[in-house]
Amino acid sequence: MLGNTQKLHDLITKFLFFILVLLAFSACRQKQEITEGRADLAISPDNAGIKVPDGFGVIKVADSLGAPRHIAVNSNGAIYLKLRKPIDGEGILYLEDQDGDGIADTKKGFADYGGTGIYVDDNYLYASSDEEIFRYKLNADGEVTEPYTADTLVTDLVAYRTHATKSFTLDGEGNIYVNIGAYSNACQEEDRTLGSPGVMPCAILDSAGGIWKFRADKFKQSYAEGKRYATGLRNVVGLDWNFKLNKLVVTQHGRDQLNTLYPDLFDQKTSANLPAETMYIINEDDDAGWPYIYYDHYQNKKILSPEYGGDGKKTAGENAIDPIATFPAHIAPNALLFYTGEMFPEEYKNGAFIAFHGSWNRAPEKQEGFLVAFVPFMNGKPSGEWQVFADGFAGLEEVFSPSEAKHRPTGLAQGPDGSLYVSDDSGGTLFRIVYTEQ
Amino acid sequence: MVNIKLLKDIIPGFSFVLTTIFLLNSCNSSGKKKESSTNTNIQNVSKPVTKAELPPYLSEGKKVYRQVCLTCHQANGGGVPGLNPPLIKTDYVLGDKNTLLEIIIKGSEADLARDKSEYANVMQGYGMLGDEDIANVASYIRNSFGNKAEPITASEVAAFRSAIKK
């Protein structure tokens, strides 16, 4: 009896040891594979002109892509890009890297409409025009094989000249959150017109100037079938679902032209530096205050808009939410991405990357913000000031007009290995930022 | 031969005048205001050398441009891709004068909106500016940023205004 127990004990010990060795070996092997994978990457010797922190490298995945806006990388590492305007009838591009050097080798295209939003999950690719959101079935390899049979999920959203693009994201529970930008700067009776008063109440907010929520599995939804999830947001181009918080997080483009519309209240320099670009955590039915207020990051206050009687000092918007982070004025946050990858160092985990498109409304001051920023997060809140993560996209020391900038960051996506992809809708380039140290 | 000799005689004289101007100027700027009357004469002498080639609408038009146009159309006239149209080598700036005057006076909502995806921002009309200011700024943008086109006069602006009133 005793002998048998001893034997069993020995056997279990041996078995456990065997498992341990196996585990160690496979871990070793996995690490080696990752390292080998990175060794093959064709990192640009000058990081493609982009300045990144020590230990990071940049690969130029592709160029001459037209004007790629938002981007999405699927589980096999292939990249979907939404073009502002279709080229030869193709408004979505699909890039694949066949030999593992990080540089795209093949390019396919489909979808004959322009737009900004794109998103991919395990089963579908989602993309938006300025009025609609479509869904395409993916095959087992993550490819769209029937581009002509897209489902129309959302339709008939308002789209005028201003802030027409429809950025969106999903929450993993079958809901789509879409930005419907306000077709106005500050809801004046005559848009961007000296002396024209603000409309009270701002009627634009009925159908725009907020985030609308729709189902990802119902067809032909419009305002009646959706819900206004949040209001008082002038134009949100960058948004992402934060799975750690289980909440929507958005970045807003702040209002323009304080000086040109109210020269008696704001000089050119003040107007170049106000208001803040803002990041908000959104709860259902939140109001961020546009057009009645703007956020002044020098006074750290919500200030009454001059269109509604403000003078640069009077506060307002007691019921409007406060931003969780602020950025310099006019630099245009065009994409937001919460980093969940394993590749980058620990301090980046769960933090926010923001692609800034760069300013125009700072003239005659020099233009700023052609960069990718990072905001560290801890316990669901920013845990430090924003920092420049990748810079030098403009290709110039000083930019006085955005048309001079070589590249303008517009879209962000995370690859399955944790790489960060950055699209540029000015030079038509796609960059991939990798961490090269072990 | 005679001409060259004459020129040689004139050049040292000219340099002398320049030196005098320079000295007088620096005297003046160091605070001796009593010489102001002589100084005015000298500035009149030097005026044709520095200013003759530039028509006044360039400097006057630039002032208006900086005040009302520059924020959107930018210092280089290049506009902002996707938002505000460029003023460089385009029909609506260099073509028919009335096309440009209509945009300046009435704004762009109606006319440039043809391709709504191209330039998203609306432009207000600047009809509240005087004929002279409009003529100057229109002539300035028609002859800046590499543009070259016939300037527009204040009376042409007035004629356009009365034509659209009818």
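Every chain is numbered from 1, with letters handed out A, B, ... down the list of sequences.
Checked by atom type and distance alone, the side chain of B/Gln124 pairs as donor or acceptor with a backbone atom of A/Leu194 at under 3.5 Å. No donor-acceptor pair under 3.5 Å is formed between the side chain of A/Arg192 and the backbone N or O of B/Met123.
Interatomic distance, A/Leu258 CG to B/Thr71 OG1, rounded to the nearest 0.5 Å: 11.0 Å. Here A/Thr193 contributes atom OG1 and B/Tyr126 contributes atom OH; the two are 7.5 Å apart, rounded to the nearest 0.5 Å.
For residues 356-364 of chain A, the interface with chain B (any heavy-atom pair closer than 4.5 Å) comprises A/Trp360, A/Asn361, A/Ala363, A/Pro364, sorted by residue number.
Between B/Gln74 and A/Ser401 the shortest heavy-atom distance is OE1-CA, 3.2 Å. B/Gly79 approaches A/Ser403 most closely through the heavy-atom pair O-OG, 4.2 Å.
If you tally non-hydrogen atom pairs under 4.5 Å between each of B/Val68, B/Leu83, B/Val80 and chain A, the highest count goes to B/Val80.
Side-chain contact between B/Ser108 and A/Arg161: present, with at least one pair of heavy atoms (C-beta onward) separated by less than 4.5 Å.
Interface residue B/Asn76: only side-chain heavy atoms are found under 4.5 Å from chain A. Of the two parts of A/Glu365, neither the backbone nor the side chain holds a non-hydrogen atom closer than 4.5 Å to a non-hydrogen atom of chain B.
The environment of CG in A/Asp88 is sparse: at most 12 heavy-atom neighbours from other residues, nucleotides or ligands sit within 6.0 Å.
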